[in-house]
Amino acid sequence: MQVQRVVLNSRPGKNGAPVPENFRLEEINLAPDLKDGEVLVRTLYLSVDPYMRCRMNEDTGADYLTPWQISKFVDGGGVGLIDSSRCNNFVAGDVVISFNWPWQTHAVMTGSDLQKVDPQLVDGHLSYFLGAVGITGLTALLGIREKGHITKRANHTMVVSGAAGACGSIAGQIGRLDGCVRVVGICGSDEKCKAIVEDLGFSTAINYHLEDVPMRLKESCPDGIDVYFDNVGGAISDAVIAQMNNGSHIILCGQISQYNKDVPYPPPLSEETQKNLQSKNITRERFTVLNYMSKADAALCELSQWIKSGRIKVLETVVNGIENIGDAFCSMMKGGNIGKQIIKISH
Ligand code: NDP
């Protein structure tokens, strides 16, 4: 059968923003003869995520991430349907996910690389398995529970950077549900600010492109900041950390403002910010969701229930067609998405 796939065409360099031309669409002939243990899958949705920027480099800088190879297929989070199976664990029609789904319209995969999921968990919104009821939802929930130290009735103020993105939009809502009295989001456009306040229930939103972040934080966090869910790092995080309370906590989720630069992870902090952390005894431990997967099943059930009951709202930006996945990745890296960036491959 003829299938379309996306391969890595070129690398952006360690110090460069990715461009759509870094990816190339190809048509290949897929022989659907399955060996024992293999399945033929049809791709429904693919995910593009910030960590993929490291996979575009020859050296990812992280031992748990392998680099993508030039002219070889690109892979990441995906959800799809089993078309045919020679693996005992799956039958045609099963919905399956993988962290290593090839950017391909159909693919032959090894059954052991796939996990069967229950569509009822997401009320049929299968793309949620890549976001709110998948790795980004888990990152928000487990990041907060493991590193946030939110205490109900302690009148905590939480700040979220990257607040209109996949992790940030869920993290702010969980902060509210877990008992914060104030949740302030920082993000990159007025449209995003409106969405997180009016649709998601954030107390205040700050547009970091247009507004004076330190001044707006002072206004909107009169009792200082107790918990900071940090998706972006850089100058925004310096401004937040400067207004954090003694004994407060940072959830070091990501540092996307530094991903197009040749710096180690986590990137070094300025001397002043380092001093702020020490003098105010602020915790800032690295958080990697993959280290907490033993807690994933329970956390996914909690996320699913919150979403079904309407207590958490899910935002997505959906782009159609595998030919647009490179553009969608580059757009997400520059803030083109509200909520989770999803690519719809087939019905
Ligand atoms: P998002 O959906 O948040 O998309 C990325 C967003 O980053 C963009 O929409 C953009 O929003 C923002 N952004 C881009 N460049 C900058 C910049 N220079 N300064 C400030 N904001 C910027 O992605 P995810 O939710 O998937 O990921 C968010 C973070 O979480 C990333 O840092 C990622 O690496 C991290 N992560 C960490 C995990 C872990 O285990 N620790 C697991 C999963 C993700 P805007 O318009 O607001 O600028």
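Computed over heavy atoms, backbone and side chain alike; hydrogens, waters and symmetry mates excluded. In each ligand, atom 1 is the first atom listed, and ligand 1 is the first ligand listed.
With a 6.0 Å radius and a threshold of 12 heavy atoms from other residues, nucleotides or ligands, K308 has its NZ atom above the threshold.
The nearest non-hydrogen atom to atom 33 (C) of ligand 1, considering only Y208, F229, Y259, comes from Y259. For the residues V232, I186, L142, V289, the heavy atom positioned nearest atom 40 (O) of ligand 1 is part of V289. When the heavy atoms of M333, K334, R286, E316 are ranked by distance to atom 15 (N) of ligand 1, first place goes to M333. Comparing heavy-atom distances from atom 5 (C) of ligand 1 across D230, I338, I256, L315 singles out I256 as nearest. With atom 26 (O) of ligand 1 as the reference point, the heavy atom nearest to it among P50, S331, A140 is part of P50.
Residue G336 places no N or O, backbone or side chain, under 3.5 Å from any N or O of ligand 1. By the 3.5 Å distance cut-off applied to N or O atoms, Y51 is not counted among the residues near ligand 1. Geometrically, ligand 1 and F287 share a nitrogen or oxygen pair separated by less than 3.5 Å. At a 3.5 angstrom cut-off on N or O pairs, T288 does not count as close to ligand 1. Looking at C167 next to ligand 1, an N or O pair under 3.5 Å apart turns up. For ligand 1, the polar-atom distance check finds no N/O of T136 at less than 3.5 Å from any of the ligand's N/O atoms. Remark: ligand 1 and H209 share no N or O pair separated by less than 3.5 Å (distance only, no angle test).
Between E219 and R216 a salt bridge is recorded (basic side-chain N to carboxylate O distance below 4.0 Å).
For ligand 1, the atoms lying closer than 4.0 Å to a non-hydrogen atom of G254 are 32 (O), 35 (C). If you number the atoms of ligand 1 from 1 as listed, the ones under 4.0 Å from a heavy atom of C187 come out as 47 (O). In summary, the atoms of ligand 1 found under 4.0 Å from a heavy atom of G165, numbered by their order in the structure, are 1 (P), 2 (O), 3 (O). Under a 4.0 Å criterion applied to the non-hydrogen atoms of S257, ligand 1 contributes the atoms 17 (C), 18 (N), 19 (N). Against a heavy-atom cut-off of under 4.0 Å, A166 is close to the following atoms of ligand 1: 1 (P), 2 (O), 3 (O), 25 (O). Interface atoms of ligand 1 facing Q255, defined by a heavy-atom separation under 4.0 Å, are 32 (O).
Checking S47 against K340 by side-chain atom types alone, a donor-acceptor pair falls below 3.5 Å. No side-chain N or O of D113 forms a donor-acceptor pair with one of W101 less than 3.5 Å apart. A donor-acceptor pair shorter than 3.5 Å cannot be found between the side chains of D262 and N15. Side-chain contact, D223 with T157: no donor N or O sits under 3.5 Å from an acceptor N or O. A donor atom on one side chain and an acceptor atom on the other are found under 3.5 Å apart for Y228 and D230.
Atom 6 (C) of ligand 1 has as its closest protein heavy atom M332 O, 4.0 Å. If you check which protein heavy atom lies closest to atom 43 (C) of ligand 1, you get T139 OG1, 3.7 Å. In terms of protein heavy-atom proximity, atom 28 (C) of ligand 1 is closest to N231 OD1, 3.6 Å. For atom 9 (O) of ligand 1, the closest non-hydrogen atom on the protein side is N337 OD1, 2.6 Å. Ranking protein heavy atoms by distance to atom 10 (C) of ligand 1, first place goes to G335 CA, 3.4 Å. Nearest protein neighbour of atom 47 (O) of ligand 1, counting heavy atoms only, is G188 N, 2.9 Å.
Looking at K295, its side chain never comes within 3.5 Å of a backbone N or O of L142 through a donor-acceptor pair. With K192 contributing its side chain and G162 its backbone, the two residues share no donor-acceptor pair below 3.5 Å. No side-chain donor-acceptor contact under 3.5 Å links R5 to the backbone of A107. At least one donor-acceptor pair closer than 3.5 Å links the side chain of H156 to the backbone N or O of T151. Remark: side-chain polar atoms of Q173 are not paired, donor with acceptor, to backbone N or O of G201 under 3.5 angstrom.
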TODO: Show your working on ring-ring contact (aromatic ring centres under 6.0 Å, His included) between F129 and Y45 and close with a plain yes or no.
DONE: CA-CA 9 Å; F129 285 123; Y45 297 99; over 10 Å; no
Result block: side-chain N/O donor-acceptor pairs under 3.5 angstrom for residues 319-335, not counting sequence neighbours:
from	atom 1	to	atom 2	distance (Å)
N324	ND2	N320	O	2.8

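Residue-ligand proximity: K192 is placed with a non-hydrogen atom under 4.0 Å from ligand 1. Residue contact check for ligand 1: C253 places a non-hydrogen atom closer than 4.0 Å to it.
Ring geometry for F23 versus W68: interplanar angle over 60°, hence perpendicular rather than tilted (30 to 60°).
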